Enquirer: 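Questions regarding the structure given below will be posed in turn.
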Amino acid sequence: MARLLLVEDEDRMAQAVAELLRREGHEVDVCGDGEAGAQAIRERPYDAMILDVMLPGRSGTSLAAMTRELGLATPIIMLTAKTSVDDKVTGLDSGADDYLTKPFAVPELLARVRAQLRRVGALDGPAARTRPRTFADLSWDTSSLTLHCTASGQSATLSQRESALFETLLDHPGQVLSRDQLRAAAWPQADGGDYNSVEVYCSFLRRKLAFVGSSVHIKAVRGLGYVLRDGKDG
């Protein structure tokens, strides 16, 4: 299952597309205007986004550009009624990965979503998600919540909250995730957690990474958020 964002101001189309995506097993957030879409992008990590170009408040190309400015490599599919080559170039240059012109066949959109999710490895089945995941010298066992460093042989067990934060960072290595995105992952309830909580738990994670002797580190990017990196890469 992938987590998707659909920003489309035509309500009937948005609901129909969202329902079909949900039938394929995906979790779908729907926003009806650009400002709501921008807030969703800042607050929650997504596996892929479907953005209409013409939106109230803020355009889809603006949202795509904002996504890239945040350091996110999330696949983006643009939807538009515009058919000129210049319009497509503008959309792709803003950060989109694919472009679909209205009216479109829904099966084609679903196929393009699947293609983008496959590209980033977001279509792994449940069995794949329970296998140990690796990054640099780390092996992460999602079933036992155990972090193991292959270089040192040391292991550490993470709490549920630490695990939620670490998995979110692990889903987007090298990408800066905002505090809002991390907070939404670890504190799904609207009244749970705050900016200081994210900072505290990232500190806990750093200590455990240091304990197991990993080269991986969590770097704070001032004014933006946090990023998971392999120290050997600089």
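Small disclaimer: the values here were computed from a predicted structure and weren't measured.
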Enquirer: Are Ile76 and Met78 close enough that some pair of their side-chain heavy atoms sits under 4.5 Å apart?
Expert: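 Sidechains of Met78 and Ile76: in contact.
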Enquirer: For the residue pair Gln116 and Asp97, establish whether any side-chain heavy-atom pair is separated by less than 4.5 Å.
Expert: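 Side chain of Gln116 against side chain of Asp97, heavy atoms only: contact under 4.5 Å found.
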Enquirer: With a 4.0 Å cut-off on N to O distance, would you call Arg3 and Asp171 a salt bridge?
Expert: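 Looking at Arg3 and Asp171, the cut-off is not met.
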Enquirer: Under 3.5 Å, is there a donor-acceptor pair between the side chain of Ser215 and the main chain of Asp230?
Expert: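 Pair absent, no side-chain N/O of Ser215 close to backbone of Asp230.
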Enquirer: Which heavy atom of Gly225 sits nearest to which heavy atom of Val176, and what is that distance?
Expert: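 Scanning both residues, the minimum pair turns out to be N-CG1, 3.9 Å.
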Enquirer: Please confirm whether the ring centroid of Trp140 lies under 6.0 Å from the ring centroid of Phe135.
Expert: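 No - the distance between ring centres of Trp140 and Phe135 does not fall below the 6.0 Å cut-off.
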Enquirer: Between the main-chain N or O of Asp33 and the side-chain N or O of Arg58, is there a donor-acceptor pair closer than 3.5 Å?
Expert: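 Checked: no pair found.
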Enquirer: If you measure from the Lys or Arg side-chain nitrogens to the Asp or Glu carboxylate oxygens, is any gap between Asp180 and Arg42 under 4.0 Å?
Expert: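 Salt bridge between Asp180 and Arg42, a charged N being under 4.0 Å from a carboxylate O: no.
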Enquirer: Could Asp52 and Lys102 be called an ion pair, given the rule that one side-chain N must be under 4.0 Å from one carboxylate O?
Expert: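 Here Asp52 pairs with Lys102 in a salt bridge, since their nearest N and O are under 4.0 Å apart.
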Enquirer: Considering non-hydrogen atoms only, spot the tightest contact between Ala36 and Cys31 and give its length.
Expert: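 Looks like O-SG, 3.7 Å.
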Enquirer: Can you name the closest pair of heavy atoms from Leu6 and Ala14 and give their distance?
Expert: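 Minimum heavy-atom separation between Leu6 and Ala14: CD2-O, 3.4 Å.
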Enquirer: Decide, yes or no, whether a salt bridge links Glu162 with Arg207 under the criterion of side-chain N to carboxylate O below 4.0 Å.
Expert: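 Looking at Glu162 and Arg207, the cut-off is not met.
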Enquirer: If you measure only the distance, is there a donor-acceptor pair under 3.5 Å linking the side chains of Asp141 and Thr146?
Expert: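 Asp141 vs Thr146: no donor-acceptor pair found between side chains.
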Enquirer: Testing the basics here: between Ser155 and His148, what is the closest heavy-atom pair and its distance to 0.1 Å?
Expert: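 What the structure gives for the nearest pair is OG-ND1, 2.7 Å.
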Enquirer: Could you tell me whether the side chain of Ile41 reaches within less than 4.5 Å of the side chain of Leu72, counting heavy atoms only?
Expert: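 Side-chain contact under 4.5 Å: yes.
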Enquirer: Can you see which heavy atom on Val7 is nearest to which on Leu63, and at what distance?
Expert: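 Looking at all heavy atoms of both residues, the shortest contact is CG1-CD1, 4.1 Å.
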Enquirer: In terms of side-chain geometry, is the basic nitrogen of Arg179 or Glu43 positioned less than 4.0 Å from the acidic oxygen of its partner?
Expert: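 Salt bridge flag = no for Glu43 with Arg179.
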Enquirer: Under 4.5 Å between side-chain heavy atoms, counting indirect links through other Ile/Leu/Val/Met/Phe/Trp/Tyr residues: same cluster for Leu109 and Leu20 or not?
Expert: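 Same cluster: Leu109 reaches Leu20 through Ile, Leu, Val, Met, Phe, Trp or Tyr contacts under 4.5 Å.
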Enquirer: Can you check whether Tyr226's main-chain N or O pairs, donor with acceptor, with Lys219's side chain at less than 3.5 Å?
Expert: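 The answer is no, because no donor-acceptor pair under 3.5 Å joins these two groups.
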Enquirer: With a 4.5 Å cut-off on side-chain heavy atoms, are Asp11 and Gln15 touching?
Expert: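 SC-SC contact between Gln15 and Asp11 confirmed.
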